[in-house]
Chemist: 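A single structure is presented below for examination.
Just so you know, these numbers come straight off a predicted model, no measurement behind them. Lettering of chains follows the sequences in order, A, B, ..., and the numbering in each one begins at 1.
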Amino acid sequence: MSVRVRFAPSPTGDLHIGGVRTALYNYLHARHTGGVFVLRIEDTDQARNSEESLKTIKEGLAWCGLGWDDGPYYQSKRLDRYKELAKQLEEKGRAYWKTDPEKGTALHFKLEQGQQKFTDLVHGTVSFMYTGEPDFVLLRSSGFPTFMFANAVDDHDMNITQVLRGDDHLSNTPKQLQLFQAFGWTPPDYGHMPLIFDPNGAKLSKREIEMYRSIGLPVTVSECQRLGYLPEAIVNFLALLGWSPGNNLELMTLEEMVKLFTVERIGSTPARFLVDKLQWMNGQYIRKCPLDRLVELCRPYLAGKYDLGKVEAETLKEAVRQQQERLKRLDEIVPLTKFVFLPAVEYDEKAVAKWLKADGGKAILEELRAGLAPRERFEKEPVENLLKAVAEKRGVKLGKVAQPLRVALTGSDQSPPMHETLAILGKERVISRIDSTLKML
RNA sequence: GCCCCCCUCGUCUAGAGGCCUAGGACACGGCCCUCUCAAGGCCGGGACAUGGGUUCGAAUCCCAUGGGGGGCGCCA
């Protein structure tokens, strides 16, 4: 039978990083086997569902490059089907109505007690012992089905062959298996993948989002976007949280992952989500990114902070180019290009003290001004020659003469190579910034 | 409370009885490159949770203990 897998989120919030990984593994399995990837929306909780969340999920999957082949199907549109099947169970004597004084009358499934065994795709044989395991609800008093029920029914109706989901569902599986048994259906194979933990080893929690944000840890797709991560990096990183191709290969495109992915190689140990490696990986993808695309990726961050209205396209492009190998996150472009896009220099006092106010800083700057003034353009060779000449004449190292200029032009002791810094600022700004710095000293 | 899952460097992992004096990556430290910061290159420290078995031989198999996590909702 050809493979059919699904991603079945409930539209009750942002698309979570754990959800992305679940979607990814199902997507990879489908693509690897030439199967079909189904999207199903489990919107049976009227109170918590939202249109906006649905939109977020679809856009989030698209952003990650995880397209589905079939669906989306909506459980809210299949209520009749669930009711019909529930009735069958009732007629078979496997379900009964019970009234809760607070919540109303709901249909319950009669759970068989005793040993429950099944073979999990990632854990192997798993065996449960049900002693006083309570019966679970099939239909709520509202008439809506529960997850346990609708989810199993849909997996059957949609001919799902493998269910790849989080370990948090492992304990529920025997119950759903009993449902399949009661209907006389063949169940799909289940594979439960390890949970993703936060840096403290606890389950990722929505409540901690502020703390996560403060350490640059994106736990939802919108956080990924906000914090300047590339989808390639997120997908690549998440793929490696619980799966490995086994040959020391780490940087992979989606296509490569598709080729390499097998569910046998999904691990069984929970993984902590730390930001370090993700940032490194993001930097790798930023460096590989074609410049034109990188400019567009950076533009919103810059536009949010600077007035780009009068900035020439070439300047913007060059500013981004200069920082490409320094970025780990897109949002870092903002502080790094401050010297280009802000009209006035913001001086770092420590840098000023170290390079300009100390021994000969001012004299060096004056000398460089004299050397720079006759030039219209600042190319690599002439600039380097000038710096070297000044350094030699004074018997000091290159850094001794480059740094004062750097601080005068950018306010900081860190910037792209001198000739690039000069070139992007242009003659006029170079001279005026040197002059106003000199005046200040 | 009951049931279940997990346990290799700080982190992600490779490892399916001898290939392991345990490999890779991130992070960390050092060096090189160098006008700064990065990037890049090289080197280094760093792990089989513990205790019992099984076996000629165990990170790999079994059992306990410890630790971590999950499930037991008219949430999904």
Chemist: Round to the nearest Å and state the distance from A:Phe237 atom CZ to B:C12 atom P.
Modeler: 9 Å
Chemist: Which whole number of Å gives the distance between the P atom of B:U21 and that of B:C5?
Modeler: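 Looking at atom P only, B:U21 and B:C5 are 32 Å apart.
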Chemist: Rounding to an integer number of Å, can you tell me how far A:Met193 CE sits from B:U13 P?
Modeler: 13 Å
Chemist: Using the P atom in both, what is the distance from B:G69 to B:G30, to the nearest Å?
Modeler: 35 Å
Chemist: Take atom C1' in B:A49 and the same atom in B:G10, then report the distance between them in whole Å.
Modeler: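 Looking at atom C1' only, B:A49 and B:G10 are 16 Å apart.
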Chemist: Can you see if the side chain of A:His123 gets near the phosphate of B:C6 - specifically, an N or O under 4.0 Å from OP1 or OP2?
Modeler: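 For B:C6, OP1 or OP2 has a side-chain N or O of A:His123 closer than 4.0 Å.
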Chemist: Take atom CZ of A:Arg326 and atom C1' of B:U36, then tell me their distance rounded to the nearest Å.
Modeler: 9 Å
Chemist: How long is the line joining CE of A:Met281 and C1' of B:A27, in whole Å?
Modeler: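 Atom CE in A:Met281 sits about 14 Å away from atom C1' in B:A27.
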Chemist: Rounded to whole angstroms, how far apart are CD on A:Glu384 and C1' on B:U36?
Modeler: 14 Å
Chemist: Mind calculating the distance between CG (A:Leu386) and P (B:C35) to the nearest angstrom?
Modeler: 14 Å
Chemist: In whole Å, measure the gap between the P atoms of B:U11 and B:A47 for me.
Modeler: 12 Å
Chemist: Please give the distance between the P atoms of B:G57 and B:U8 as a whole number of Å.
Modeler: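 B:G57 and B:U8 have their P atoms separated by 26 Å.
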Chemist: Write down the distance between OH (A:Tyr285) and P (B:C26), rounded to a whole number of angstrom.
Modeler: 14 Å
Chemist: How far, in whole Å, is B:G17 from B:G73 if one measures between their C1' atoms?
Modeler: 46 Å
Chemist: Compare side-chain N and O positions of A:Gln414 against OP1 and OP2 of B:A39 and report whether any pair is under 4.0 Å apart.
Modeler: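 So the side chain of A:Gln414 is outside the cut-off, no N or O lying under 4.0 Å from OP1 or OP2 of B:A39.
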Chemist: Using the salt bridge (charged side-chain N to carboxylate O under 4.0 Å, His left out) rule, pick out the option among A:Asp70, A:Asp189, A:Asp157 that qualifies with A:Arg4.
Modeler: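 Of A:Asp70, A:Asp189, A:Asp157, salt bridge (charged side-chain N to carboxylate O under 4.0 Å, His left out) with A:Arg4 is met by A:Asp70 alone.
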Chemist: I want to confirm an ordering. Mapping A:Tyr130 and A:Leu278 to their closest nucleotides on RNA chain B, which one lands closer to the 5' end?
Modeler: A:Tyr130
Chemist: Where along nucleotides 64-76 of chain B does protein come under 4.0 Å, by heavy atom, of base (B) or sugar-phosphate alone (S), with - for untouched nucleotides?
Modeler: -----SBSSSBBB
Chemist: Cationic tip of A:Arg265 within the cone over A:Phe261's six-membered ring, i.e. under 6.0 Å and within 45° of the normal?
Modeler: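 No.
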Chemist: In whole angstrom, give me the gap between the P atoms of B:C2 and B:G15.
Modeler: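 My reading of the P atoms in B:C2 and B:G15 gives 36 Å.
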Chemist: If you measure from the Lys or Arg side-chain nitrogens to the Asp or Glu carboxylate oxygens, is any gap between A:Lys288 and A:Glu232 under 4.0 Å?
Modeler: no
Chemist: Which nucleotide, in any strand shown, forms a Watson-Crick or G-U wobble pair with B:A38, with both distances under 3.5 Å?
Modeler: none
Chemist: Searching all strands shown, indicate the nucleotide that pairs with B:C28 (Watson-Crick or G-U wobble; both distances under 3.5 Å).
Modeler: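 Across any shown strand, B:C28 pairs with B:G44.
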Chemist: Whole Å only: how far is the CG atom of A:Leu398 from the C1' atom of B:C33?
Modeler: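 Rounded to whole Å, this separation is 14 Å.
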Chemist: Could you give the distance separating B:G46 and B:C6 at their C1' atoms, to the nearest angstrom?
Modeler: 23 Å
